[in-house]
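In what follows, a structure is listed as structure tokens, so that the remarks can point back to it.
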Number of protein chains: 2
Amino acid sequence: MATTIKDIARVAGVSPSTVSRILSNKQTLYSGYATETITRVKQIAEDLNYRKNRSAIELVTKTSQVLGIILSATPTNFAQEIISGIQKEASLHHMDTIIAYAGEDDDALQLQALKTISERSVKGILLLGITLSPTNEHFLRSADIPYIFLSVAQSEPDLHFIASNDFDIGYQATQYLINHGHHDIAFVGANLESCVGHLRLDGYRQALKEHHITYHDDYVIGGNWLYVDGVHAVNILQTQVNLTAILAGSDLVAAGVMNRARQLNRVIPSDLSVMGIDGTLLCDVIYPQLTSIKQSFYEMGVQGTKQIIEKTHIESAYTSISIKDGASVTTH
Amino acid sequence: MATTIKDIARVAGVSPSTVSRILSNKQTLYSGYATETITRVKQIAEDLNYRKNRSAIELVTKTSQVLGIILSATPTNFAQEIISGIQKEASLHHMDTIIAYAGEDDDALQLQALKTISERSVKGILLLGITLSPTNEHFLRSADIPYIFLSVAQSEPDLHFIASNDFDIGYQATQYLINHGHHDIAFVGANLESCVGHLRLDGYRQALKEHHITYHDDYVIGGNWLYVDGVHAVNILQTQVNLTAILAGSDLVAAGVMNRARQLNRVIPSDLSVMGIDGTLLCDVIYPQLTSIKQSFYEMGVQGTKQIIEKTHIESAYTSISIKDGASVTTH
DNA sequence: CACTTTTATGCAAACGTTTGCAATAGTTAT
DNA sequence: ATAACTATTGCAAACGTTTGCATAAAAGTG
């Protein structure tokens, strides 16, 4: 029913190949087509409401202008930033993106997403905030499509990634608090079963160690990066009278900490300093503004996309982190 | 290079059609294939690492399992909720989604996105928070693909949408504030050039009118739904000594209002009541918790997707709104 | 004028599937 | 034993493009 290249050819009185070449601006061996033909064909194409059939094109050319993105089911605010970066870079190269959602830790859903993406002839796959199960890891490798992980570092050396150095994040945040005179610092809300959480905790411990502060088990309370985890942590930490600062696993956790602390009549930052991680927009929106370790999410998207598109050797890299100053930390 | 159905056929010693039918679980006229054949073919497919070629399938079947989503460039927090709804419903029907970003008010980008989507044989198009220019509107219609607008109502009767009733939002929010004893109520941060902003303003005015409160031009300050618009509005409204409540165009605006008001030593809600619109997660995260008009974003996504997939007659609908209670409004 | 070169276009194969229609070989019923 | 099924499989066309090669006409060149 829809107009095809042949329809145009018939109306214009030329061959399909002519139409094809004109419509995709391809010059033939010597020069090109007669300008008259070109304008006529283009005009007819427009009149007939012609739309390219991407499936046909992809079938014959065996390539596509599509990037696959695989996301963990819950698209957090920072995933959004990464996607923005991807989009920006992709559109620069006239590429489309297709997005598939994998569950948080659901192998079957992960595989589903991988299949979905790999069945379309995508130019590459960007995996956001995901760690694959061994089986799925194997599936990804055998698909023979360039891929890169974003935002979470991978341990296998051939699984390249662009992410922040999470050890550094924990280390620098803690260092910052110590430099502001804090000594009793809690670390809360991170998912300690995850690689990311583990690394950040390691960084935290290292910073303490370098300043000869004894690590205190009671000061570490796990969670899952959520608002409620911050609330929960404060509830538990109520009894810790010496505590002067809390390092939250994410900005969201920090918000929970701040609100719960306020309910308990603690003033921030004079009674309690709070520091977040991520440096999302949330920092500016809550009160007092949150001091946080800012990650370069947008940059991760851009860099990852670049690596895929430019087909240079794909390799792992850490993006920079920086301190985003707010008003939630004070000198003690 | 990649394995095709023919490769499998050769190895298995059967015809490509057999492989095709087995791999897509299609039964033939009478019963099916021999179980032995079925298991053998499936095994070989797996061994050979076979991946379907979607382009080929879409070409021959002339349909696809793909939904197109067109987004305004800045994916706000609520767009995320809508997308979640779409994803949920889509995956229920084993459909994929492809996302294209159109600029905020950039006709060329809009067209680009429309082309991108319509060239792939998508089952339908979901347009999020977008109003098309007349030309692009025409392009969309002529593509002959089912479409539906989400989250922003359209005036043309054949452009079906699922959205909140924005007049109602303005009306009910204002009503709520009036019922809480407020009389001098500002309306700030909405984009008054947009249809949505206009409707909400109308609702606001209607509520005032019904309670015989004179509409006050100085109480309305436009913006673009952003945090800074809230800050800006409070700066201007400083001089209005009678003001006891502010209705913000969005939750983000409300956050700006609250923070700026606090800087000016106003206590919320005792000195100033603030109400938001959208009912996003932000409401729970900021302090005090924000009272807001909650929109059913997730539901919009689900409903829109359902309409497209189930191919029933597509029609416009309003989703429900409700009051999300916080602590930012007090009785005056 | 007889060539060579240039310009403008067409032919036909190929991409990897799906699917309507046949076809073959057993099996039953008459 | 013949007809009538039934179960299992294969043939070949079609989907809408792209693209290497061929061709025909026109324009230069000596």
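Chain letters run A, B, ... following the sequence lines, proteins first, then strands; residues in each count from 1.
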Indicate, with a heavy-atom threshold strictly under 4.0 Å, whether [X] touches base, sugar-phosphate, or nothing.
| X | answer |
| --- | --- |
| A/R51 | sugar-phosphate |
| B/L59 | base |
| A/I57 | sugar-phosphate |

Open item on the list: Restricting to side chain to side chain contact (heavy atoms under 4.5 Å, CB included), what partner residues turn up for B/R141, sequence neighbours left out?
Closed with: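 With sequence neighbours excluded, B/R141 shows a side chain to side chain contact (heavy atoms under 4.5 Å, CB included) to B/E137, B/Y147, B/E156, B/D158, B/L159, given in chain and number order.
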Task: Results of side chain to side chain contact (heavy atoms under 4.5 Å, CB included) for A/K42 - residues two or more places apart only - done: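 Result, side chain to side chain contact (heavy atoms under 4.5 Å, CB included) vs A/K42: A/I22, A/L23, A/N25, A/I38.
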Task: Inter- and intrachain pairs under salt bridge (charged side-chain N to carboxylate O under 4.0 Å, His left out), touching residues 113-122 of chain A, at least two apart - done: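 Checked against salt bridge (charged side-chain N to carboxylate O under 4.0 Å, His left out) - neighbours excluded - the pairs reaching residues 113-122 of chain A are A/E119-B/R54, A/R120-B/E58, A/R120-B/D96.
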Residue-phosphate contact under 4.0 Å: [X] side-chain N/O, [N] OP1/OP2:
| X | N | result |
| --- | --- | --- |
| B/T18 | D/dT9 | no |
| A/K62 | C/dG16 | yes |
| A/T4 | D/dG16 | no |
| B/S20 | C/dT18 | yes |

Please list, one pair per line, the donor and acceptor atoms closer than 3.5 Å that link side chains of residues 302-310 of chain B to other protein atoms, with sequence neighbours excluded.
residue: B/Q303; atom: NE2; partner: B/E299; partner atom: OE2; Å: 2.9
residue: B/T305; atom: OG1; partner: B/G301; partner atom: O; Å: 2.6
residue: B/Q307; atom: OE1; partner: B/E315; partner atom: N; Å: 2.9
residue: B/Q307; atom: NE2; partner: B/E315; partner atom: O; Å: 3.1

Task: Check: B/F78 ring centre within less than 6.0 Å of B/Y298 ring centre - done: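 That pair fails the under 6.0 Å test.
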Open item on the list: Between D/dG10 and B/R21, counting only base atoms on the nucleotide and side-chain atoms on the residue, is there a donor-acceptor pair under 3.5 Å?
Closed with: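 Donor-acceptor pair under 3.5 Å: yes.
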Open item on the list: So if I take residues 34-50 of chain B and measure heavy-atom distances to DNA chain D, which residues fall below 4.0 Å?
Closed with: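 Going residue by residue through residues 34-50 of chain B, the ones with a heavy atom under 4.0 Å of DNA chain D turn out to be B/A34, B/T37.
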Task: Closest-nucleotide ordering on DNA chain D, the 5'-leading residue of B/P16 and B/T61 - done: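 Going by which nucleotide is closer to the 5' end, it is B/P16.
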Result block: side-chain N/O donor-acceptor pairs under 3.5 angstrom for residues 125-133 of chain A, not counting sequence neighbours:
residue: A/S133; atom: OG; partner: A/N136; partner atom: N; Å: 3.4
residue: A/S133; atom: OG; partner: A/N136; partner atom: ND2; Å: 3.2

